[in-house]
A.B. asks: 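Here it is, the structure, as structure tokens.
A, B, ... follow the sequence lines: proteins, then strands. Residue 1 opens every chain.
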2 protein chains.
Amino acid sequence: MQIQTRMADPLPAAGAYQRRPGFTPAGPGKRQDPLDILEQFGTKLTIRRGQELYAAGEVAVYCYRILRGAVRTVGLNEDGRRQIAEFLLAGDLLGFDSLGTHHLSAEALTEVLILRYPRRLVDSLAEQHGSLALRLRDLSLQKLRRAHETMFLLGRKSAGERIATFLLDLAERSPGRTSGSVELPMTRGDIADHLGLTIETVSRTIAQLGRDGTIAVIKCGIEIRDREALTAHGGGTLH
Amino acid sequence: MQIQTRMADPLPAAGAYQRRPGFTPAGPGKRQDPLDILEQFGTKLTIRRGQELYAAGEVAVYCYRILRGAVRTVGLNEDGRRQIAEFLLAGDLLGFDSLGTHHLSAEALTEVLILRYPRRLVDSLAEQHGSLALRLRDLSLQKLRRAHETMFLLGRKSAGERIATFLLDLAERSPGRTSGSVELPMTRGDIADHLGLTIETVSRTIAQLGRDGTIAVIKCGIEIRDREALTAHGGGTLH
DNA sequence: CGTTCCTTTGAATCTTCTCAATAATGGTGG
DNA sequence: CCACCATTATTGAGAAGATTCAAAGGAACG
């Protein structure tokens, strides 16, 4: 396969690329993000709600970028206990964090529109484009940083703090973030398995925030009414 | 600076490099691990117990390999709550997982002998040696995988399971692992802040395992008496 | 040899879980 | 369009696990 090479690929400063809410792929003329190099090689796919993108233990043949919808990455142990590592939204990348086999599975929370890239192609492109390689490394490290933040949440925060942190984080990452309304495409059970709580505690804690007037529980999501109060509830972040 | 280049750098299969207990740097003749490329460029340093290798928020100028001793990576929030992300032992690498600034701090648990590498040098070496770049990526992904395992532990395991898992993991990673004796260079408080428990719960749980005959509490560590039982207590791993 | 830090152990408290019942929601087919 | 079913969410009461508070013993250090 012939792959377009490009000299003088600009090396961006670390951390220069934040998530892009309301992700829209750039045209071929302007390239703000090395990830756009991948764009033309992706296959557009639609995954039905509940379907697996990949399973834990599978060889990592593809990686993905979410264009629309939401995905969960799931770890299961023998006796059925579940930990959801991440919820991924439009614009997020997926499956880049496995060298050999996937160690978590990825499941569609809603109908999902994705771009699929063969891993081998991504690797060879990264070898040619230093900026892409760096960008992918940056992404891995961002995931690690997020994982550390989650570890702090799971190890040291109360149920109320976990819910508040979760809602604020999701609000910040949500693609169409305009007002304070946050869509929750996942079930209470999913939230519980992400935050290390039970369904009942999640439900009760959200209900309590609603009674306080901090949030309002709406259809398929919540609305942040008092961001200050919610932040105060959050228990802070690492450093 | 002149840097030795080497063609025909063999590309190892993913996951081919496990941790090397009782780490001994290879001579210049045989090279089993791409990380040995770094070896000659490292500065040997001794860090006193309790000293910081680096602080959260600092620009990541150096990265390290531990030759002797143990290190903790620490996250702190505003109100003093602490989460220890990892305990690192001889042979482990440190500080490679920060692109711009360190987001955790690293502190010596014991007197520590380390090799220190300037990050810029590591990056330029990685650019020349594909195998080193791949190895470093593999290491980042291993850290992420371990973080996911810890997230499962923090979110879904009981105190007893956390302690059992922790002891087994440490036993497996300990450099001089011969018999069942595991050195614990960290305090109960450190263990608590790693496992999301309190000092008292850690102490009680370890004492209970001692009364069961599963382990024996010895000076500066424990001894595994019944590995089967300890594994059964562990609550399993992801997948 | 005293001080400080770390560890252990006990008792009471509290947060979260478990069990249980009910209500709401969403999708399906008649 | 509505009735039915399965899934999801809410809420209450009691139980359990872990925390907090408190005190005392042990180890490490200068």
A.B. asks: Should we count OH of A:Tyr54 as having more than 12 external heavy atoms under 6.0 Å?
C.D. replies: yes

A.B. asks: Base, sugar-phosphate alone, or nothing: which one does A:Gly196 contact when heavy atoms must sit under 4.0 Å apart?
C.D. replies: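 Sugar-phosphate only.
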
A.B. asks: Taking only residues at least two apart or on different chains, which pairs with a member in residues 99-113 of chain A satisfy salt bridge (charged side-chain N to carboxylate O under 4.0 Å, His left out)?
C.D. replies: A:Arg72-A:Glu107

A.B. asks: Figure out the CD1/C1' separation between B:Ile222 and C:dT7, and round it to whole Å.
C.D. replies: 16 Å

A.B. asks: Could I get the full list of side chain to side chain contact (heavy atoms under 4.5 Å, CB included) partners for A:Ala85, not counting sequence neighbours?
C.D. replies: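 Applying side chain to side chain contact (heavy atoms under 4.5 Å, CB included) to A:Ala85 gives A:Thr73, A:Leu104, B:His148, B:Met151.
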
A.B. asks: Which residues pass the side chain to side chain donor-acceptor pair (under 3.5 Å) test with B:Arg116, not counting sequence neighbours?
C.D. replies: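 Listed in chain order: nothing, the list is empty.
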
A.B. asks: If a protein heavy atom is under 4.0 Å from the base, mark B; if only from the sugar-phosphate, S; if neither, -; do that for nucleotides 18-27 of chain C going 5' to 3'.
C.D. replies: BB------S-

A.B. asks: Taking side chain to side chain donor-acceptor pair (under 3.5 Å) as the test, write out the residues that go with A:Asp97, two or more places apart.
C.D. replies: none

A.B. asks: Can you tell me which residue pairs pass the salt bridge (charged side-chain N to carboxylate O under 4.0 Å, His left out) test with a partner in residues 225-239 of chain A, sequence neighbours excluded?
C.D. replies: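 Every pair satisfying salt bridge (charged side-chain N to carboxylate O under 4.0 Å, His left out) with a residue in residues 225-239 of chain A: A:Glu223-A:Arg225.
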
A.B. asks: How large an angle, rounded to 10°, do the end axes of the helix from C:dC1-D:dG30 to C:dG30-D:dC1 enclose when each is built from five base pairs?
C.D. replies: 50°

A.B. asks: Holding to side chain to side chain donor-acceptor pair (under 3.5 Å), I want the full list of residues that pass it with B:Arg68, two or more places apart in sequence or in another chain.
C.D. replies: none

A.B. asks: Taking atom NE2 as the centre, does B:His103 end up with more than 12 heavy-atom neighbours from other residues, nucleotides or ligands that are less than 6.0 angstrom away?
C.D. replies: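 Buried by this count: over 12 neighbours within 6.0 Å.
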
A.B. asks: Taking DNA chain C as the partner, which of residues 151-163 of chain A come within under 4.0 angstrom of it by heavy atom?
C.D. replies: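 The stretch gives A:Ser158, A:Ala159 as the residues lying under 4.0 Å from the strand, ordered by number.
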
A.B. asks: Taking the side chain as every heavy atom from C-beta outward, state whether B:Gln83 and B:Asp193 have any pair of such atoms under 4.5 Å apart.
C.D. replies: no

A.B. asks: Enumerate the salt bridge (charged side-chain N to carboxylate O under 4.0 Å, His left out) contacts for residues 230-239 of chain B, please, sequence neighbours excluded, ordered by first and then second residue.
C.D. replies: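 Non-adjacent pairs meeting salt bridge (charged side-chain N to carboxylate O under 4.0 Å, His left out): zero.
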
A.B. asks: Heavy atoms only, 4.0 Å cut-off, all strands: where does B:Ser203 land among base, sugar-phosphate and nothing?
C.D. replies: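 Result for B:Ser203 = base.
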
A.B. asks: Does A:Tyr117 have more than 12 heavy atoms from other residues, nucleotides or ligands lying within 6.0 Å of its OH?
C.D. replies: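 Yes, the 6.0 Å shell around OH holds more than 12 heavy atoms from other groups.
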
A.B. asks: Compile the donor-acceptor pairs under 3.5 Å between side chains in residues 210-222 of chain A and protein atoms, sequence neighbours left out, one pair per line.
C.D. replies:
unit_1: A:Arg211; atom_1: NE; unit_2: A:Gln208; atom_2: OE1; d: 3.4
unit_1: A:Arg211; atom_1: NH2; unit_2: A:Gln208; atom_2: OE1; d: 3.0
unit_1: A:Asp212; atom_1: OD1; unit_2: A:Gln208; atom_2: NE2; d: 2.9

A.B. asks: At a heavy-atom distance below 4.0 Å, which nucleotide of DNA chain D is the first touched by chain B, and which is the last?
C.D. replies: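 First and last nucleotides in contact are D:dA18 to D:dA28.
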
A.B. asks: Rounded to the Å, how far apart are B:Asp193 CG and C:dC6 P?
C.D. replies: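 Atom CG in B:Asp193 sits about 12 Å away from atom P in C:dC6.
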
A.B. asks: Check whether any side-chain heavy atom of A:Leu209 sits under 4.5 Å from a side-chain heavy atom of A:Leu167, and report yes or no.
C.D. replies: yes

